[in-house]
Amino acid sequence: ILAQAVLPHVVLAADRGPVSVGYFQAFERSLQLTMSTSHAIFVYGTLKRGFTNYTRYLGVAEAEGKATCLGEATTTSRFPMTLRPPHLLPATNAPLLLDSEGVGELVCGEVFVVDDSTLEAMDLLEGVKKGKYHRRNVQVRLHSGEEQVIDCGTYFFPPSEDLLTLPRLTTYGPEQHAIYSPSGPVKEEIRELCQRSHVFKPVKDLSSESLSVIGRPSFTSPRWLVAA
């Protein structure tokens, strides 16, 4: 219903440039969130669909309509990704994406669009305020459609000399996840943030000006849902 209501504005925005099918499909999926603000994040490890922290947290948000998956993507720059070594506590065997751009491989993962409280939950899960991981923007290329390049936030672990010598991954898959050991039970504070009701943005506030991002070759911000 929302997509049908907004469609006239999409047509108006299309006059500003060509609209690819893949780009429109990604935009249409994002409209399902209908929230006041949204953020694109790139997940590469246990938050991917079918893995532990997706089931515990991000999948909960998706079921509540607070997150939507745009599909698989690959970073446009090379980064080293490895598994957490046993001596680095907690010994979870979780993947570490090291913030050393230009070193390593193109990393595969998934892109989600999430609302404010879900992003807060992901920051809490990754220990951003405690300095465990930090979130910054990277460019990723979506595999679907015409492979648009978009900006997403993702979570990096600080690189160190010993971590940079460990074997590297391009994809974190079932083989690696089989040895993952969560650091504890479900964290209810994080789960509650993934369930918290989001604020709806009235359709009447969506103008053709706000939709003019359609037709551009890439998004310019992780907070890219055009109902800004």
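Every value quoted in this text rests on a predicted model; they were computed, and no experiment measured them.
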query: Taking the side chain as C-beta and beyond, is there a heavy-atom pair between Ser77 and Val138 under 4.5 Å?
result: no

- request: Report yes or no: do Met122 and Val60 belong to one cluster of Ile/Leu/Val/Met/Phe/Trp/Tyr joined by side chain heavy-atom distances under 4.5 Å?
  value: no

message: Looking at every non-hydrogen atom in both residues, tell me the closest pair between Tyr57 and Leu125 and how far apart they are.
response: CE1-CD1, 3.7 Å

- prompt: Hey, does the side chain of Thr52 reach the backbone of Thr46 with a donor-acceptor pair shorter than 3.5 angstrom?
  reply: no

field: Qualifying residues under side chain to side chain donor-acceptor pair (under 3.5 Å), relative to Thr154, sequence neighbours excluded
entry: none

message: Side chains of Asp123 and Tyr133 only: does a donor on one sit below 3.5 Å from an acceptor on the other?
response: no

task: With sequence neighbours left out, write down each residue that passes ring pair (Phe, Tyr, Trp, His ring centres under 6.0 Å) with Phe42, or none if nothing qualifies.
output: none

field: ring-ring contact (aromatic ring centres under 6.0 Å, His included) contacts touching residues 88-110 (sequence neighbours left out)
entry: none

Distance in Å, Asp116 CG paired with Leu193 CG, rounded so as to fall on 0.5 Å steps: 11.0 Å

task: Sorted by first residue and then second, give each salt bridge (Lys or Arg N to Asp or Glu O under 4.0 Å) pair with at least one member in residues 178-194; sequence neighbours left out.
output: none

- prompt: What residues, two or more places apart in sequence or in another chain, satisfy side chain to side chain donor-acceptor pair (under 3.5 Å) together with Ser160?
  reply: Asp162

- prompt: Got a sec, which residues hit side chain to side chain donor-acceptor pair (under 3.5 Å) with Tyr172, two or more places apart in sequence or on another chain?
  reply: His177

Closest non-hydrogen atom pair, Leu47 against Asn53: CD2-O, 3.6 Å

Heavy-atom pair with the smallest gap, counting every atom of Ser144 and Leu70: OG-O, 4.1 Å

field: Any residue meeting side chain to side chain donor-acceptor pair (under 3.5 Å) with Tyr44, in chain and number order, not counting sequence neighbours
entry: none

- prompt: Of all residues at least two apart in sequence or in a different chain, which pass the ring pair (Phe, Tyr, Trp, His ring centres under 6.0 Å) check with Tyr54?
  reply: none

field: Closest heavy-atom pair and its distance - Thr171, Gln176
entry: O-OE1, 3.9 Å

field: Residues that Leu89 engages under side chain to side chain contact (heavy atoms under 4.5 Å, CB included), provided they are two or more places apart
entry: Ala91

task: Measure across Leu97 and Val107 and return the closest heavy-atom pair with its distance rounded to 0.1 Å.
output: CD1-CG2, 3.8 Å

- request: Would you sort out whether Thr92 and Tyr180 count as a side chain to side chain contact (heavy atoms under 4.5 Å, CB included), showing the intermediate values?
  value: CA-CA 6 Å; Thr92 59; Tyr180 173 66; 4.0 Å; yes

- prompt: Taking all atoms of both residues into account, what is the closest heavy-atom pair of Pro95 and Gly45, and its distance?
  reply: CG-CA, 3.6 Å

query: Atom NE2 of His39 and atom CG of Asn137: how far apart are they, to the nearest 0.5 Å?
result: 11.5 Å

field: For Leu88, side chain to side chain contact (heavy atoms under 4.5 Å, CB included) partners two or more places apart
entry: Arg84, Pro85, Leu96, Phe157, Leu163

message: When you measure from the side chain of Thr74 to the backbone of Cys108, do you find a donor-acceptor pair of N or O atoms at a distance under 3.5 Å?
response: no

- line: Separation between CZ (Phe156) and CE (Met81), nearest 0.5 Å, reads 11.0 Å

task: Sorted by first residue and then second, give each salt bridge (Lys or Arg N to Asp or Glu O under 4.0 Å) pair with at least one member in residues 88-112; sequence neighbours left out.
output: Arg49-Glu110, Arg78-Glu105, Asp99-Arg136, Glu101-Arg136

- request: Let me see the working for Arg168 and Val103 under side chain to side chain contact (heavy atoms under 4.5 Å, CB included), right down to the final yes or no.
  value: CA-CA 10 Å; Arg168 295 169 184 165; Val103 177; 3.5 Å; yes

- prompt: Quick one: CG on Leu119 to CG on Leu124, what's the gap to the nearest 0.5 Å?
  reply: 11.0 Å

task: To the nearest 0.5 angstrom, please state how far the CD1 atom of Ile190 sits from the CD atom of Glu120.
output: 10.5 Å

message: With a 4.5 Å cut-off on side-chain heavy-atom distances among I, L, V, M, F, W and Y, is there a chain of contacts connecting Leu106 to Leu142?
response: no

message: Can you list everything that forms a side chain to side chain contact (heavy atoms under 4.5 Å, CB included) with Ala61? Sequence neighbours excluded, please.
response: Lys66, Ala67, Thr118, Cys194

